[in-house]
There are 2 protein chains.
Amino acid sequence: MILKIIINKMNQENITKKLRNWEQTLTTTGSRLTAPRKAILEVIAHASQPLTPIEVFDLAREKVPNLGLVTVYRTLDKLTDLGLVSRVHGHNDCQTVFRAASSHQHLLICTNCGTSVYFDGLDAEERFDQIGRTHGYQVDGHWLQLYGLCADCRTE
Amino acid sequence: MILKIIINKMNQENITKKLRNWEQTLTTTGSRLTAPRKAILEVIAHASQPLTPIEVFDLAREKVPNLGLVTVYRTLDKLTDLGLVSRVHGHNDCQTVFRAASSHQHLLICTNCGTSVYFDGLDAEERFDQIGRTHGYQVDGHWLQLYGLCADCRTE
DNA sequence: GTGCTTGCAAATTCTTTGCAACTTT
DNA sequence: AAAGTTGCAAAGAATTTGCAAGCAC
């Protein structure tokens with residue numbers, strides 16, 4: 001499998017800050033900060049796109065060579081439970097992970113390279129509630145993702 | 001596994017019409033109308049919620065007892081290719097199928113019983129394009145699903 | 001030291017493929 | 001009769017579980 005170079009557009013400072021937050025969340029919830037976990041956290045924090053478990057595995061293995069795939073699965077479960085990462089369902093892979101959104105944010109995903117960014121400011125909650133009401137539903141959640149070519153892929 | 005009674009809120013006439021359309025699409029594209037396929041089509045046409053391959057299998061088997069699960073997978077692939085059914089990614093099952101939307105429609109899914117309806121009239125395309133532009137993306141697709149309790153589940 | 005984690009191997013679950021027999025048209 | 005389809009069995013892929021050894025705190 002080809003893994004493209006992964007460079008997050010967040011600056012290094014923000015990534016470091018996020019990593020510290022994640023590590024703190026782990027320790028304060030009674031979990032332990034091990035080398036495998038640190039490697040996995042770093043991979044996800046630096047990722048500019050949702051990653052499959054195997055991709056996380058391959059990338060994290062560069063730092064922890066004897067890492068087991070099972071550990072990746074278990075760590076991803078834990079991070080998801082803690083709300084640090086989100087499962088992203090794409091059209092191809094439906095089990096990828098990406099750093100979790102801040103709040104009311106949604107993903108904008110490049111259909112060519114996968115590079116993703118969160119956006120907010122849609123402010124459609126009220127509209128969603130209204131739509132639900134007309135069908136007898138009480139809307140309490142939504143799931144929105146936009147797809148399209150990013151600037152880099154368009155100029156290629 | 002417990003399969004709840006599945007009653008589509010479309011009236012019988014509409015379901016029959018849709019079934020005829022589907023069957024016609026199959027025959028006109030060179031595919032054949034076999035007993036297994038008819039059973040599968042009926043199950044999906046009558047479903048009020050997205051179904052997993054196994055659920056389709058179990059329900060269709062009531063009509064074609066010696067149906068093989070493989071046939072379900074292959075038929076679902078074909079129906080998806082023809083655009084008759086859509087893959088629906090839920091929070092739990094991400095490989096379920098549901099009759100395809102007419103156009104610019106999105107799903108409203110009950111988080112308790114799974115009963116789903118399509119809605120339209122959101123008219124957010126322009127807003128989506130705009131959001132994409134501010135991030136350098138050229139938006140060419142979106143994926144939206146609303147979640148909430150349906151009227152029946154709320155009164156329970 | 002205690003209790004959470006890890007990696008290995010094995011078990012499950014889900015989906016796809018090969019193929020001879022069988023339908024549909 | 002020709003061509004698409006089916007079901008079985010087997011193969012592959014993806015994910016989970018059991019467990020003894022290893023670490024973090």
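Computed from heavy atoms alone, side chains included, the values below leave out hydrogens, waters and symmetry copies. Note on naming: letters A, B, ... go to the chains in the order of the sequence lines (proteins, then strands), and numbering restarts at 1 for each one.
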Check: Want to settle it: does Ser31(B) or Arg61(B) sit nearer the 5' end of DNA chain D, counting the closest nucleotide to each?
Finding: Ser31(B)
Next item on the list: Apply side-chain hydrogen bond (donor to acceptor under 3.5 Å, both in side chains) to Gln145(A) and list each qualifying residue two or more places apart in sequence or on a separate chain.
Entry: Tyr147(A)
For nucleotides 9-15 of chain C, give me every protein contact, N/O to N/O, under 3.5 Å, one pair per line with atom names.
unit_1  : atom_1 : unit_2   : atom_2 : d
dT15(C) : OP2    : Tyr73(B) : OH     : 2.2
dT15(C) : O5'    : Tyr73(B) : OH     : 3.2

Margin query: My understanding is that only residues two or more places apart in sequence, or in another chain, count here; which of them pass ring pair (Phe, Tyr, Trp, His ring centres under 6.0 Å) with His142(B)?
Written below: His106(B), Phe128(B)
Next item on the list: For Gln105(A) and Ser102(A), work out which heavy atoms get closest and say how close.
Entry: OE1-N, 2.9 Å
Margin query: Five pairs per end, C1' atoms only: what is the angle between the end axes of the helix from dG1(C)-dC25(D) to dT25(C)-dA1(D), to 10 degrees?
Written below: 40°
Item checked: Phe119(B) side chain near Leu146(B) side chain, heavy-atom distance below 4.5 Å -> yes
Notebook entry, point to check: Excluding sequence neighbours, so at least two apart, what forms side-chain hydrogen bond (donor to acceptor under 3.5 Å, both in side chains) with Glu125(B)?
Noted result: His104(B)
Margin query: Checking the side chain of Thr96(A) only, and the main-chain atoms of Val88(A) only, is there a donor and an acceptor separated by less than 3.5 Å?
Written below: yes
Notebook entry, point to check: Would you say Leu122(B) and Ile131(A) make side-chain contact, with heavy atoms under 4.5 Å?
Noted result: yes
Notebook entry, point to check: Could you give all pairs that pass the salt bridge (charged side-chain N to carboxylate O under 4.0 Å, His left out) test and reach residues 70-88 of chain B, with sequence neighbours left out?
Noted result: Asp77(B)-Arg87(B)
Notebook entry, point to check: Are Val64(A) and Val43(A) joined in one hydrophobic group, where the rule is that I, L, V, M, F, W and Y side chains link up if heavy atoms are under 4.5 Å apart?
Noted result: yes
Note to self: Among residues at least two apart in sequence or on other chains, which ones pass side-chain contact (heavy atoms from CB on, under 4.5 Å) with Gln138(B)?
What the structure shows: Arg154(A)
Next item on the list: Enumerate the residues from residues 74-85 of chain A whose closest heavy atom to DNA chain D is under 4.0 Å, giving them by residue number; use none for an empty result.
Entry: Arg74(A)
Next item on the list: Determine, using the 4.5 Å side-chain heavy-atom cutoff (strictly less than), whether Leu149(A) and Val117(A) are members of one ILVMFWY cluster.
Entry: no
Next item on the list: Can you sort out which residues in residues 35-42 of chain A have a heavy atom within less than 4.0 Å of DNA chain C? Ascending by number, please.
Entry: Pro36(A), Arg37(A)
Next item on the list: Identify the heavy atoms of Ile44(B) and Phe98(B) that sit nearest to each other, and give their distance.
Entry: CG2-C, 4.4 Å
Next item on the list: Could you tell me which residues satisfy side-chain hydrogen bond (donor to acceptor under 3.5 Å, both in side chains) with Glu23(B), sequence neighbours excluded, listed by chain and number?
Entry: none
Margin query: Students should find this one: the first and last nucleotides of DNA chain D, 5' to 3', lying under 4.0 Å from a heavy atom of chain B. What are they?
Written below: dA3(D) to dA9(D)
Next item on the list: Determine, step by step, whether Trp143(B) and His89(B) satisfy the ring-ring contact (aromatic ring centres under 6.0 Å, His included) criterion, reporting the C-alpha distance in whole Å, the side-chain angles of both residues, the deciding distance to 0.1 Å, and the verdict.
Entry: CA-CA 10 Å; Trp143(B) 185 19; His89(B) 297 240; 5.1 Å; yes
Checklist line | Tyr73(A): side-chain contact (heavy atoms from CB on, under 4.5 Å) partners, not counting sequence neighbours | finding: Pro53(A), Leu69(A)
